[in-house]
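Data first, discussion second: the structure below is written as structure tokens.
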Amino acid sequence: MRYQLEVPIVAHEQLADYEYEITVHAPQVAREAMPGQFLQVLYDQTYNPFTRRPFSVYRVDPEKGTFSIVYLARGVFTLGLRNKQVGQNLSIVGPLGNWFQPDPNPDATHVMVAGGVGAPPLYFLAQRLSCGDRTDCRVGVINGARSKELLVGIEEFDELRIDVQYTTDDGSHGLRGIVTDALLKLLDSADGPVHVYTCGPTAMMRAVVAICVHRGIPCQVSLETLMPCGLGVCMGCVVKIKDESATGYQYLRSCYEGPVFRADEIIWE
Amino acid sequence: MRYQLEVPIVAHEQLADYEYEITVHAPQVAREAMPGQFLQVLYDQTYNPFTRRPFSVYRVDPEKGTFSIVYLARGVFTLGLRNKQVGQNLSIVGPLGNWFQPDPNPDATHVMVAGGVGAPPLYFLAQRLSCGDRTDCRVGVINGARSKELLVGIEEFDELRIDVQYTTDDGSHGLRGIVTDALLKLLDSADGPVHVYTCGPTAMMRAVVAICVHRGIPCQVSLETLMPCGLGVCMGCVVKIKDESATGYQYLRSCYEGPVFRADEIIWE
Amino acid sequence: MAVTKPDLSVTLGPLKLKNPVMTASGTFGFGQEWAEFFDLGALGAIMVKAVTVKPRLGNPMPRMVETPAGTLNSIGLQNPGVEAFIAEKMPYLRQFDTAVIVNIAADRMDDYNTLAERLDGVPGIAALEVNISCPNQECGGLEFGRDPALTRQVIESIRTRTKLPVIAKLSPNVTDITVLAPAAADGGADILSLINTFVGTAIDIKKRTFKLANRTGGLSGPCIKPLALYMVWRVAQAVDIPIIGMGGVSTPSDAIEFLLAGASAIATGTINFVNPHAATEIVAGIEEYLAAQGASSVAEIVGTVSR
Amino acid sequence: MAVTKPDLSVTLGPLKLKNPVMTASGTFGFGQEWAEFFDLGALGAIMVKAVTVKPRLGNPMPRMVETPAGTLNSIGLQNPGVEAFIAEKMPYLRQFDTAVIVNIAADRMDDYNTLAERLDGVPGIAALEVNISCPNQECGGLEFGRDPALTRQVIESIRTRTKLPVIAKLSPNVTDITVLAPAAADGGADILSLINTFVGTAIDIKKRTFKLANRTGGLSGPCIKPLALYMVWRVAQAVDIPIIGMGGVSTPSDAIEFLLAGASAIATGTINFVNPHAATEIVAGIEEYLAAQGASSVAEIVGTVSR
Ligand SMILES: Cc1cc2nc3c(=O)[nH]c(=O)nc-3n(C[C@H](O)[C@H](O)[C@H](O)COP(=O)(O)OP(=O)(O)OC[C@H]3O[C@@H](n4cnc5c(N)ncnc54)[C@H](O)[C@@H]3O)c2cc1C
Ligand SMILES: Cc1cc2nc3c(=O)[nH]c(=O)nc-3n(C[C@H](O)[C@H](O)[C@H](O)COP(=O)(O)OP(=O)(O)OC[C@H]3O[C@@H](n4cnc5c(N)ncnc54)[C@H](O)[C@@H]3O)c2cc1C
Ligand SMILES: Cc1cc2nc3c(=O)[nH]c(=O)nc-3n(C[C@H](O)[C@H](O)[C@H](O)COP(=O)(O)O)c2cc1C
Ligand SMILES: Cc1cc2nc3c(=O)[nH]c(=O)nc-3n(C[C@H](O)[C@H](O)[C@H](O)COP(=O)(O)O)c2cc1C
Ligand code: FES
Ligand code: FES
């Protein structure tokens, strides 16, 4: 169910230089949101910036009825978002879009490859797939960023008691290098079927996809496009997806059929 | 000298239900502003609401280098202004416009008639004309509003040790009634020349002007119009002022030749 | 305050609607996506995304740019084509107690004719809105709507091919819309839709390229409201057929401005993206306004701005 | 980063300017009001408020309405008349090392001629900008700028009466501006100014009257930038004479978009009201951009948007 809500901000914390987490109280969303879904956030009632922006669901607390998003302050919208005060309302629409489909195979190892602010939806997914005290579930996370302070959710991932590896370009945390280095190692050492889920900068995701496609490993990708409406009506967010038509592709809405697509069906531009 | 400045907000207080005072640090303005002048205030860098709004200088503290404005939260702009935080900057242009010209006659009694948020510039004027410990100066203030809480500057006026009268429609402070009741009484009892200075709702000012013109008492009026630029270039703020031309009037800029005009030269519309 | 609730229903020539608020073509899809926000029956009408004879892939990305108080779009009429529309979209739309207005687009006269004939008699369609005003570059085709003779021709030929009410959707990219409007009326249009988008563009100064893959697009949103309102007012003086006003309508007060200017009904467009409940809030706002004004019907206030 | 400072000077046909940034007519008065903000010599040129043969009182109030990201205005060309302009305004303007462009307006051909003749030879005037594009209702007179033949006629007749560079300021309220632009060029215009305001209106729903005493006005500001940019780009393809781009230019990046689209210079208008330093900030921003792009002159980037 998609809602349009004015929800109170219950927390707004700075995680790093330009990284912030906003937590709002929205029981319906906390209950119904799935890993990979997003919310359309309104800047403010003056409609300037005019359009909403999509932000992925990060941490949900169904008991408290809250959920959070993480944003990197990098443009007019997100820089302005920093002024939102606890107690003020945030206008949101969602949860929207499809979500990651965990591989049903019980023997499958679920590998999440996150880059920068691509981590939130994968944290949500990892949390759902992790099995706390049990040890029979196989979840691996590779979380990369340029430097330690741009890594989202170090504490949170660590708490999940799953195998998490970090990579940073400058080596300030975990492996020095990029996520694909870690991914290759992981795939080489993996026994049994592997299923990859990725979200991050497009360049990173393309590299991850290249590896998976080359090795015939199933991979789900959360694409980032502009989302003028986020509702599936404006057709301003479409991506080329292979089909049987004469052209060999059709334009699907990354806000509606997506944002999560199968790696092998995406035609990158 | 007119400045365009980004100045820090040093205080932002609620005076009454919908009345607020913002104090900013702007030494140049505090030093140079004259009673009746105004500042053009920007809503925010997103330019929405697009145009600046004029606000009169209220309390100046040349030592501290600060000045304040009082605003009544009543529309998109002023309701939004309430979110400005101490420490944030306010974008201002000014001081702008002309100012009240105190009657040079040493025997003159200066009478200020203020209505609602028209009080700030007259408080500034009264402060300049009051003579603290000396007793040889004659300054009278009539400050009116619908109810006590809408009266601006009760404490401040009282501190000036001048003759201040208050009127409220509901009698919640001072005389029950309107400023013109008090004005008529004051004029009847006045000895020697009187000079009136007024600022407030247009209807109130017209009533004050009618009395003054009828009695041949000089009166200066601070007019309120829209001020798209406030700089004297857009011609969107003009008022009809009598002249010798064929039409008998010309359009003068209330932001430039005004906002203060002589009562007897104004053609009300 | 009027004691009895004002009557919100409106009659636009042959078209009767429960209220004067519609959702503009291309900003509401085919309705499905909205069902979770509110009962589609709350709308006076749904104007569906443009339908063409054959399916259209639409333009390459990027298709949209954000502008001050608006957006530029060059979607390129992506749609499943008229057959798929009838087979897959109409059954869903028929379920609701609201009028379905089908927006038809083409770049050849024949295609307009084909669409008119094919849709005539399809159950559940309340009217055809003829999009003769899609900005050139956006539709590839000729912009019929910029030429009075062509405008009249297209409408005439559609008129002879359907029993449905015909709505001519006019372009604002013209020197004098009061010339185009009568042309459409003479052609047999029952109703006019004003307005479609203004042609505009935006440039990426770092890449030194256009921000839209298609280079140019149509400007819409609150930024164009003053222009749309002017055109509605001018056309209301120039023709006797009813007008559906659109162009930046975002709030009840915007909608009422259009009614006072002479529109018999209005449509919300781009604002739907930002405030999905804009249309229903406007229905409520109009009702409140009528009551406050002591008006018992919408028609009572249409065109009553004092001149 | 280029080491040597880029050259900001531009040459628009017969008109040489120290930089490509001007202030648009009617948004900068006659310069006096700005002197305290910055040295007027920092501007490429000042385009003064429209001057008419006789003084004009202008329209009644209200004359302006705030709109989303813009304003509507119907000032009615309030100005002291050409004689007072020459006697009282020019002496002040002559003091500064910046080009003075005089915007002339009229509703009769004779008046245009009178103005051209009277201003010819007045020291300190760099060019005439012919305002044939003031929205109808706003100027009372006929809008020459909407008809190619009239446009050509007016410019031709002014051309024969002055040695000054003639700038034709075109109206955006037309079906195809690429028809008007060549007409002005054929008439002998040395330069084109694009664009003037779009006709629009706004209604006070409580009073049920127009918000402007004059009912309609001209829309300007950031809201119209995408439309102005499109017209500049189209016209740059259609004519060989230089273009001064205006219409919502508010930031350095806006200005650069216009240059890339094909304008040889730009003017700031409505933004001057909100950010008095907009013009000088844009001069600095353009210089930075040129350096960053390794361009040594403005001309190097004009019209270089890839298609
Ligand atoms: C599914 C999804 C999930 C996302 N999750 C996150 C997240 O969790 N955290 C995070 O930080 N970011 C996330 N993003 C990216 C985020 O939505 C913004 O795009 C990002 O914040 C851009 O920064 P900004 O808006 O401040 O930049 P801005 O400068 O405001 O916008 C960037 C540019 O995009 C243009 N633009 C923005 N929206 C539109 C539009 N609707 N139409 C046309 N042009 C437009 C702007 O005009 C500007 O040129 C997500 C994106 C998607 C698609
Ligand atoms: C010289 C002077 C001094 C003033 N001093 C004070 C003061 O000390 N305290 C105080 O509270 N108020 C003062 N005002 C009034 C103040 O400037 C605003 O007009 C008032 O705050 C209106 O409230 P708002 O802006 O929140 O309402 P809004 O709703 O934001 O604006 C009111 C209406 O005016 C329209 N409008 C506003 N500006 C423009 C414009 N530039 N062009 C066209 N339309 C416009 C808006 O669109 C809206 O319709 C003063 C006015 C003047 C002229
Ligand atoms: C993304 C988008 C797609 C549109 N598609 C169509 C369309 O298919 N057919 C049509 O006639 N108008 C189309 N329009 C125009 C709108 O129906 C409407 O006329 C215009 O946007 C002005 O209204 P607004 O400013 O409220 O959006 C579209 C507008 C937008 C923003
Ligand atoms: C208040 C106002 C007055 C104007 N007066 C004139 C004028 O006298 N002559 C003219 O040619 N253009 C006039 N214009 C139009 C501007 O010069 C400019 O062409 C237009 O506003 C578009 O630029 P902008 O969007 O940056 O303001 C005026 C514009 C405004 C806002
Ligand atoms: S964002 Fe509008 S359809 Fe996807
Ligand atoms: S407000 Fe622009 S001239 Fe006075």
Side-chain angles (χ1 to χ4, degrees), chain C residues 65 67-72 137 143 146-147 171-176 180 198-211 215-217 219 221-234 248 250 252-261 289 292-293 301 304-307, chain D residues 65 67-72 137 143 146-147 171-176 180 198-211 215-217 219 221-234 248 250 252-261 289 292-293 301 304-307:
Chain C
V65 178
T67 70
T71 64
L72 278 168
Q137 300 73 0
E143 195 176 331
R146 287 196 188 190
D147 177 277
S171 166
N173 302 295
V174 296
T175 303
D176 186 355
L180 279 299
F198 286 85
V199 187
T201 192
I203 292 173
D204 181 322
I205 68 168
K206 291 209 178 52
K207 301 202 195 106
R208 291 210 207 174
T209 58
F210 290 95
K211 284 186 176 175
R215 300 215 302 268
T216 66
L219 185 67
C223 54
I224 66 167
K225 195 205 92 186
L227 310 182
L229 185 63
Y230 168 73
M231 291 184 173
V232 165
W233 175 64
R234 287 296 310 283
S250 307
S253 141
D254 292 338
I256 292 158
E257 283 187 73
F258 277 80
L259 297 174
L260 294 175
Y289 179 81
Q293 299 281 315
I301 68 162
T304 58
V305 62
S306 66
R307 319 197 44 222
Chain D
V65 178
T67 69
T71 64
L72 277 168
Q137 299 73 2
E143 195 177 332
R146 286 196 189 191
D147 177 279
S171 166
N173 302 295
V174 296
T175 303
D176 186 354
L180 278 299
F198 286 84
V199 188
T201 193
I203 292 173
D204 181 323
I205 67 168
K206 291 208 180 50
K207 300 201 192 105
R208 289 208 207 176
T209 58
F210 290 95
K211 284 186 177 176
R215 300 215 302 268
T216 66
L219 185 67
C223 55
I224 66 168
K225 196 206 90 184
L227 310 182
L229 185 64
Y230 168 73
M231 291 184 173
V232 165
W233 175 64
R234 288 296 308 285
S250 307
S253 142
D254 291 338
I256 292 158
E257 283 186 75
F258 277 80
L259 296 175
L260 294 175
Y289 179 81
Q293 299 281 315
I301 69 161
T304 58
V305 61
S306 67
R307 320 196 45 221

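All chains are named by letter (A, B, ...) in the order of the sequence lines, taking the proteins before the strands, and each is independently numbered beginning at 1.
For D:Leu219, the side-chain contact (heavy atoms from CB on, under 4.5 Å) partners two or more places apart in sequence, or in a different chain, are C:Pro226, C:Leu227, D:Thr67, D:Leu72, D:Phe198, D:Cys223, D:Ile224. With sequence neighbours excluded, the residues satisfying side-chain contact (heavy atoms from CB on, under 4.5 Å) with C:Pro222 are A:Phe50, C:Ala69, C:Ser250, D:Pro68.
Judged purely by atom type and a 3.5 angstrom limit, D:Arg146 uses its side chain to pair as donor or acceptor with the backbone of C:Thr175.
When each of D:Leu229, D:Leu259, D:Ile205 is scored by its heavy-atom pairs under 4.5 Å with chain C, the top score falls to D:Ile205. With respect to chain C, the highest number of heavy-atom pairs below 4.5 Å among D:Val174, D:Val65, D:Thr304 belongs to D:Val174. The choice from D:Lys225, D:Lys206, D:Arg215 that makes the most heavy-atom pairs within less than 4.5 Å of chain C is D:Arg215. When C:Asp254, C:Asp176, C:Val305, C:Ile301 are compared by the number of non-hydrogen pairs under 4.5 Å with chain D, C:Val305 comes out ahead.
We find the CZ-OG1 distance between D:Arg234 and C:Thr216 to be 8.5 Å, quoted to the nearest 0.5 Å.
Looking at D:Tyr289, only its side chain comes within 4.5 Å of chain C, counting heavy atoms on both sides. At a 4.5 Å heavy-atom cutoff, the contact between D:Ala261 and chain C is made by backbone and side-chain atoms alike.
Taking both residues in full, the closest heavy atoms of C:Val199 and C:Asn173 are given as N-OD1, 3.1 Å, listed atom of the first, atom of the second, then distance.
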